[in-house]
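These notes concern the structure reproduced below.
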Amino acid sequence: MSDDIPFNKRLDLEPGRVDEVFPGVRRLLANNPSPFTFKGTLSYIIGKGQVAIVDPGPDDAAHVAALLAAVRGETVRHIFITHTHRDHSPAAARVKAATGAKTFAQGPHRPARPLNIGEAQRLDASADQDFVPDVTLADGEVVAGPGFTIEAVATPGHTANHMAYAFKEANILFAGDHVMGWSTSIVAPPDGAMSDYMASLEKLARRAEPLYLPGHGDVVKDAQNFVQHYIRHRLGREESILHRLAKGEADIPTLVRAIYIGLDPRLTGAAGLSVLAHLEDLVARGIVATEGAASIAGRYRLAAAPRAGA
Ligand SMILES: [Zn+2]
C-alpha cells in the first residue's frame with residue numbers, strides 16, 4: 001500500500017564523510033543504521049565560518065569527533081534539535097561542551113498523552129530524557145545567525161516536541177523525522193499521536209519549501225507532492241483498518257496481519273504501535289470503539305452508528 005509514495009531508498013554517503021548537500025549546507029551520516037534509522041542519522045551544518053548544527057545525532061564518539069572535525073576552525077553558536085529521540089539529540093551535550101554553542105528546541109522530551117500501564121519502559125528505550133534546551137522555541141519563532149535565518153515550525157506527531165526548521169535564505173526545510181525520503185515516519189504512542197501528525201502534514205502542505213533535508217535518507221525533492229503522498233498513505237491505512245473492522249471486532253496483531261503485507265518481522269512491534277496511533281485517533285473521533293482507553297492490548301470494533309433521533 002505504501003507503493004504509491006515515491007520513496008528514494010538510496011543514500012550515497014559513507015559515515016563520517018562530510019558532504020555539501022546544498023550550497024551552504026553540509027551533512028554528515030552517523031554510523032547507526034537500523035530498520036528504523038535507514039543508513040543512519042544525518043547531522044547538518046548550516047553556513048560557513050560561523051555555523052549552526054541541526055541534530056548532532058546519537059551519543060556516538062566517532063560521530064561527534066567527525067562532526068567536530070567538520071567544523072574545525074569554525075565557530076558553532078547554534079545547535080537546533082528536531083526532536084528528543086536517542087538518534088538525534090544526545091550528541092548535543094558533547095558538541096555543546098566542545099564548542100560553547102547554545103541548544104535550541106521545542107522543549108524536553110514528553111509523551112503526547114498520559115501513559116497507560118506498562119508504557120514507561122518502551123518510552124525510555126527510544127527517548128532522550130536528559131536533553132533540556134538552552135533556548136525553547138515556539139512555533140513560528142525566528143532565530144537569526146550569521147548568514148542564516150531559521151524559522152521553527154512546530155510539527156508534533158512523531159514526537160510531541162518535534163520541530164522542523166525552515167532555512168529561509170535557501171527556502172529549504174530541515175524536516176527531522178516528520179517527513180523522510182526513504183520511508184514513512186513512525187507514529188508510535190505514547191511518544192507520537194496520529195491526530196497531531198496529520199495536522200502537521202497539513203501544515204507543511206500549506207508551506208512553500210520545495211526541498212526537505214530529513215533526519216534519515218536523501219534530500220526530498222518535490223516536497224509538496226511528497227507530503228500529499230504521505231497524507232494519502234495515512235488516509236489509506238485508516239481506510240484499511242476500518243475495512244477490516246467492518247468484518248468484525250479485532251485486536252492489534254490481527255489488524256497488523258491484515259494490513260501490512262510482507263512486513264520486515266523486526267518492524268512488527270512498530271507496525272502495532274502505528275495501528276494503535278490510528279485507533280487512538282479513530283476512537284477520539286467516535287468512529288471506533290474499545291473498552292476503556294485505547295491500548296496496545298485492546299480489542300476494537302466499529303462504533304455503533306448513532307440512531308436517528310437518539
Ligand atoms: Zn530519527
Side-chain angles (χ1 to χ4, degrees), residues 5 7-9 11 13 15-16 21 27-45 53-60 62-64 66-67 79-95 103-112 122-131 133 153-165 173-194 196-197 200-201 204 212-220 223 226 230 264 266-267 269-271 273-274 277:
I5 305 180
F7 288 129
N8 174 5
K9 299 274 189 184
L11 179 66
L13 200 60
V21 60
R27 66 181 173 180
L28 190 65
L29 179 69
N31 193 12
N32 60 337
S34 80
F36 297 96
T37 60
F38 190 45
K39 304 262 170 110
T41 306
L42 287 165
S43 299
Y44 293 95
I45 303 164
I53 290 174
V54 178
D55 281 355
D59 189 24
D60 174 290
H63 183 63
V64 172
L67 198 50
I79 301 170
F80 294 98
I81 302 292
T82 61
H83 65 295
T84 44
H85 275 158
R86 289 196 176 177
D87 54 327
H88 293 263
S89 52
R94 293 206 219 189
V95 174
T103 55
F104 296 73
Q106 198 273 345
H109 194 81
R110 66 176 190 280
R122 201 201 67 76
L123 194 67
D124 263 9
S126 58
D128 174 7
Q129 305 282 359
D130 299 329
F131 176 78
V153 183
T155 37
H158 176 69
T159 62
N161 66 357
H162 195 285
M163 274 284 188
Y165 295 100
L173 186 83
F174 295 96
D177 284 6
H178 182 57
V179 174
M180 301 180 287
W182 73 285
S183 167
T184 53
S185 178
I186 289 174
V187 180
D191 269 17
M194 190 57 71
D196 292 345
Y197 186 76
S200 293
L201 285 180
L204 291 197
Y212 291 179
L213 300 180
H216 307 271
D218 211 347
V219 178
V220 179
F226 198 82
Y230 253 47
D264 180 338
R266 293 171 295 180
L267 295 175
L273 289 166
S274 178

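Note that ligands are numbered from 1 as they come in the structure, with each ligand's atoms numbered from 1 the same way. Residue numbers count from 1 along this sequence. Only this structure's heavy atoms are used, side chains among them; waters, hydrogens and symmetry mates stay out.
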Residue from V21, L29, L28, D55 passing side-chain contact (heavy atoms from CB on, under 4.5 Å) with L42: L29
Mind checking whether Y197 and H178 have parallel, tilted or perpendicular rings, split at 30° and 60°? perpendicular
Where does the angle between the aromatic ring planes of H158 and H83 fall among parallel (under 30°), tilted (30 to 60°) and perpendicular (over 60°)? perpendicular
So, at under 2.8 Å, which protein N, O or S atoms would a careful student list around the Zn ion (ligand 1)? D87 OD2, H88 NE2, D177 OD2, H216 NE2
Any side-chain heavy atom of H216 within less than 4.5 Å of one from D177? yes
Find out whether L13 and K39 are in side-chain contact, i.e. whether some heavy atom of one side chain is under 4.5 Å from a heavy atom of the other. no
Exercise: do S43 and H63 side chains pair donor with acceptor under 3.5 Å: yes
